[in-house]
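Written out below as structure tokens is the structure these notes cover.
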There are 2 protein chains.
Amino acid sequence: MAKRGDVLELAVLGLLQDSPLHGYELRKRLNALLGSLRAFSYGSLYPCLKMLVREGLIAQDTGEGGSAASGPAPGKRSRIVYKLTAEGKEHLQDLLTESGPAAWEDEGFGVRFAFFGRTDAATRLRILEGRRSRLEERIDGFRSSLSRTRERLDSYTLELQRHGLESVEREVRWLSELIDDERRREPPPSARET
Amino acid sequence: MAKRGDVLELAVLGLLQDSPLHGYELRKRLNALLGSLRAFSYGSLYPCLKMLVREGLIAQDTGEGGSAASGPAPGKRSRIVYKLTAEGKEHLQDLLTESGPAAWEDEGFGVRFAFFGRTDAATRLRILEGRRSRLEERIDGFRSSLSRTRERLDSYTLELQRHGLESVEREVRWLSELIDDERRREPPPSARET
DNA sequence: TTGGCGATGTATCATATCGATACATCAGGT
DNA sequence: ACCTGATGTATCGATATGATACATCGCCAA
């Protein structure tokens, strides 16, 4: 479950929601957006586009629509521009609303966070909290593994463990700040459905 | 270049230097040691072991040698214990002394750092500095990409970029501290070869 | 105007890698 | 006696990657 391709699919659909794009431009934006997480290769992107077309989530944009910006200077160079279909928009909404474990994993969380601007407040909060508890589990695993093996580790190994642990703890603190922000923005529904 | 398998190879050789081990135990220690970076699967480990045997870097340990601890309680369960050969030890030393770009990448650096205890001081310093400048390049790329696209990013995308950037900057600071430690431990050769 | 070169653009393939699983023995609890 | 979970070796199909092929374009210099 939660294959890497799913992440790519979500990212492509998300980017196409803004404006129709062709493969090359798509890859550039993909790596600008998620560069801190991971890069995608053409070997993944093009098959993914093909599959999305086959499933009817995106379609070739025969640019008759008219005005808006699609590419940079529209030279006559051969390019295949894709746009979201109605089904694609629907599916994207489903994916963005998904707040279960798939949205807590490293990459799955990253993409969804990048598109938080299109996600409703309740989902944002669920995802942030899920991600945080996911990382807290990881911290627990770390700590117990560390206490089990601490004495037979040399100082460099120990430092590596310590640094890894600290990174995750720092990420948890970051998430906590974001969660507080969200709560401030939309105060809790106090007692909505009792 | 710098495939993932190379990292696994180095890690296996490094672990076997301490004591002969069998696959299952090897994987456990691997994921305890590098858990913060990445997990290795059996689908990678066993082929790797096979290849290392074929290349003569490790060999089956027919446990006649006698006394020392190899596994936990030596029940009669079937297991294949591997040990380093002389060639393997030699190759491991070469790998640990490598201080070029391969030792600056995320995973390559992680493994080598984990085995810093077996690495000489000059190599440690070269690797740490190489890694740092590698990350500084990454920061530059980040910044310029950010300044090029800042205005058309929503607040969440921006926050993601900011957070990614900060993580790398933090890592650079960590490296700088380590470098200072190394320098203090072995003061610079001031004017050794002039 | 020729030609070189780097960016743009689409596309595929061999290879590397992962996750899941099969199969088997063993320790310990009920 | 049975069941469950840890130990242990091993492989396979599905996926992902990096490299590369191929072609057009804009631009600058000789």
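Numbered from 1 within each chain, the chains take letters A, B, ... in sequence-line order. What you see is a predicted model; the values in this text were computed from it and never measured.
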Open item on the list: Please classify the nucleic acid contact of B:Gly5 as base, sugar-phosphate, or nothing, using heavy-atom distances under 4.0 Å.
Closed with: sugar-phosphate
- [ ] Identify all stems in which DNA chain D takes part, counting only runs of at least 3 consecutive pairs (Watson-Crick or G-U wobble, each distance under 3.5 Å), and give each as one range with another, ordered by first number.
- [x] C:1-30 with D:1-30
- [ ] Name the orientation class of the two ring planes belonging to A:Phe116 and B:Tyr156 (parallel below 30°, tilted from 30 to 60°, perpendicular beyond 60°).
- [x] perpendicular
- [ ] Would you mind reading off the distance between B:Ile80 atom CD1 and C:dA24 atom C1', rounded to a whole angstrom?
- [x] 13 Å
TODO: Please check the phosphate of D:dT17 (OP1 and OP2 only) for any side-chain N or O of A:Arg4 closer than 4.0 Å.
DONE: yes
Task: Gap between atoms CD and P, on A:Glu9 and D:dT15 respectively (whole Å) - done: 12 Å
Task: Selected nucleotide, minimal atom distance to B:Ser41 side chain, candidates C:dC18, C:dA11, D:dT17 - done: C:dC18
Task: Presence of A:Tyr42 side-chain N/O under 4.0 Å of C:dA11 phosphate oxygens OP1/OP2 - done: no
Open item on the list: Could you tell me how far apart B:His22 (NE2) and C:dT25 (P) are, to the nearest whole angstrom?
Closed with: 17 Å
Task: Rounded distance in Å - CG (A:Leu26) to C1' (C:dT10) - done: 13 Å
Open item on the list: Does C:dC18 have OP1 or OP2 under 4.0 Å away from a side-chain N or O of B:Ser44?
Closed with: yes
Open item on the list: Would you say B:Thr97 and B:Asp94 are linked by a side-chain donor-acceptor pair, where the criterion is simply a distance under 3.5 Å?
Closed with: no
TODO: Take atom CG of B:Leu45 and atom P of C:dA16, then tell me their distance rounded to the nearest Å.
DONE: 17 Å
Open item on the list: Measure CZ/B:Arg27 against P/C:dA20 and give the value in whole Å, please.
Closed with: 12 Å
- [ ] Scan B:Gly23 against the nucleic acid and name what it touches under 4.0 Å (heavy atoms): base, sugar-phosphate only, or nothing.
- [x] sugar-phosphate
TODO: Determine: side-chain N/O of B:Lys28 to OP1/OP2 of D:dA6, distance under 4.0 Å, yes or no.
DONE: no
Task: d(OH, A:Tyr46; P, D:dT20) in whole Å - done: 18 Å
Task: Cation-pi check, B:Arg27 onto B:Phe40 ring (under 6.0 Å, within 45° of axis) - done: no
Open item on the list: Could you check whether any side-chain heavy atom of A:Val12 comes within less than 4.5 Å of a side-chain heavy atom of A:Tyr82, counting everything from C-beta outward?
Closed with: no
Open item on the list: Heavy-atom count check: over 12 atoms from other residues, nucleotides or ligands less than 6.0 Å from B:Glu90 CD?
Closed with: no
Task: Short side-chain N/O contact from A:Lys50 to OP1 or OP2 of C:dT12, under 4.0 Å - done: yes
Open item on the list: Pairing donors with acceptors under 3.5 angstrom, does anything connect the side chains of B:Glu159 and A:Trp174?
Closed with: yes
TODO: Determine yes or no for a side-chain-to-main-chain donor-acceptor pair under 3.5 angstrom, with A:Thr85 supplying the side chain and A:Gly56 the backbone.
DONE: yes
- [ ] To the nearest Å, give me how far apart CD (A:Glu105) and P (C:dG19) are.
- [x] 11 Å
